[in-house]
Amino acid sequence: MKPFTKNVIQIIKQIPEGNVMTYGQIAKAAGSPRGARQVARILHSMSQKYDLPWHRVINAKGQIAIKDDEGFFSQKLMLQDEGVDVSEAGKVDLEVYLYWPDPLFDEEI
DNA sequence: TTAGTGACAGGCA
DNA sequence: CTGCCTGCCACTA
């Protein structure tokens, strides 16, 4: 397994309940700043085998980026079940629920 | 090998 | 805030 894939899996498993992360964030943290799409691919293919909280991963616009209606609804439902406020269109307030693993970010605000 | 595709991101209208 | 366009990179036909 590639180190990037391994890192992505590790990072996603660290997202606390009630929080979310964006694909770009994860890609950057995993060592590939331009690999957002690969993160999405990994989620799609590995989530079922590695028991990953894939529903806590959304796009940079704060919206559920799933095209399949069934998957879209599932993600929305699971997030709401964790206490995350999700709008009708599947939009999440990143200012409130975004999980930032780097502590330096807080000091720069 | 080239072309098309996608659970993305960032810039711009 | 939303929609469209371009850049990205791995995978598939």
Side-chain angles (χ1 to χ4, degrees):
Chain A
M1 180 183 291
K2 292 184 178 182
F4 176 68
T5 303
K6 187 178 178 182
N7 290 333
V8 170
I9 292 175
Q10 290 300 315
I11 293 169
I12 293 175
K13 292 181 73 171
Q14 288 176 32
I15 304 175
E17 197 175 294
N19 283 89
V20 298
M21 277 186 82
T22 71
Y23 293 91
Q25 229 183 319
I26 294 170
K28 184 180 177 182
S32 182
R34 309 301 177 201
R37 311 198 75 151
Q38 285 57 263
V39 172
R41 181 173 293 287
I42 291 171
L43 244 60
H44 187 63
S45 61
M46 313 292 259
S47 61
Q48 300 176 359
K49 302 174 184 175
Y50 290 81
D51 188 40
L52 301 175
W54 59 272
H55 55 283
R56 293 177 193 156
V57 183
I58 58 181
N59 64 23
K61 296 178 179 61
Q63 297 178 279
I64 293 175
I66 217 174
K67 292 183 177 178
D68 178 53
D69 291 330
E70 197 174 303
F72 184 93
F73 184 71
S74 296
Q75 178 166 16
K76 180 178 159 188
L77 201 63
M78 284 190 277
L79 286 175
Q80 294 180 323
D81 192 55
E82 293 186 353
V84 177
D85 184 49
V86 184
S87 75
E88 203 64 33
K91 187 162 39 178
V92 175
D93 190 345
L94 293 180
E95 293 292 329
V96 179
Y97 303 105
L98 182 63
Y99 173 58
W100 205 270
D102 184 6
L104 290 176
F105 184 76
D106 289 322
E107 299 177 38
E108 301 197 10
I109 292 181

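Chain A is the first sequence line, chain B the second, and so forth, proteins listed ahead of strands; every chain is numbered from 1.
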Could you give the [atom1]-to-[atom2] distance, from [X] to [N], as a whole number of Å?
X	N	atom1	atom2	result
L79(A)	dA7(B)	CG	C1'	13 Å
I26(A)	dC9(C)	CD1	P	18 Å
K28(A)	dC9(C)	NZ	P	16 Å
D69(A)	dA7(B)	CG	P	12 Å
I12(A)	dA7(B)	CD1	P	15 Å
I64(A)	dC8(B)	CD1	C1'	15 Å
M46(A)	dA10(C)	CE	P	15 Å
R37(A)	dG6(B)	CZ	P	9 Å

Range-with-range stems of DNA chain C (Watson-Crick or G-U pairs under 3.5 Å, three or more in a row)
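Stems for DNA chain C, defined as runs of 3 or more consecutive pairs: B:2-6 with C:9-13, B:8-13 with C:2-7.
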Out of curiosity, Y50(A) OH to K13(A) NZ, how far, rounded to the nearest 0.5 Å?
9.5 Å
If you round to the nearest 0.5 Å, how far is NZ of K91(A) from CD1 of I58(A)?
11.5 Å
I26(A) and V39(A) have their tightest heavy-atom pair at CG2-CG1, 3.9 Å
If you define the side chain from C-beta out and look only at heavy atoms, does anything of [X] sit under 4.5 Å from [Y]?
X	Y	value
W100(A)	Q25(A)	yes
M46(A)	V8(A)	no
W54(A)	Q75(A)	yes

With the side chain of [X] defined as its heavy atoms from C-beta on, choose the nearest nucleotide among [options].
X	options	result
K61(A)	dA7(B), dA9(B), dG7(C)	dA9(B)
A36(A)	dC11(C), dA7(B), dA9(B)	dA9(B)
R41(A)	dA9(B), dG6(B), dA7(B)	dG6(B)
I66(A)	dG10(B), dA7(B), dC9(C)	dA7(B)

Should V84(A) and L77(A) be counted in the same cluster of Ile, Leu, Val, Met, Phe, Trp and Tyr side chains packed under 4.5 Å apart?
no
Is K91(A) close enough to dT2(C) that one of its side-chain N or O atoms is under 4.0 Å from OP1 or OP2 there?
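K91(A) to dT2(C) OP1/OP2: side-chain N or O found under 4.0 Å.
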Let's test your reading of the model: under 3.5 Å, does the base of dA7(B) pair with the side chain of Y23(A) as donor and acceptor?
yes
5′-ward residue of the pair Q38(A)/I58(A) relative to DNA chain B:
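In this pair, the answer is Q38(A).
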With a 4.0 Å cut-off on heavy atoms, is G35(A) in touch with a base, just the backbone sugar-phosphate, or nothing at all?
nothing
Look at all strands and tell whether T22(A) reaches a base, only sugar-phosphate, or nothing, counting heavy atoms closer than 4.0 Å.
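Sugar-phosphate, no base atom in range.
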Reading DNA chain C from 5' onward, which residue's closest nucleotide shows up sooner: R34(A) or Q63(A)?
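Its nearest nucleotide being more 5', the pick is Q63(A).
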I'd like to check the salt bridge (Lys or Arg N to Asp or Glu O under 4.0 Å) partners of R56(A); sequence neighbours left out, ordered by chain and number.
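Result, salt bridge (Lys or Arg N to Asp or Glu O under 4.0 Å) vs R56(A): E82(A).
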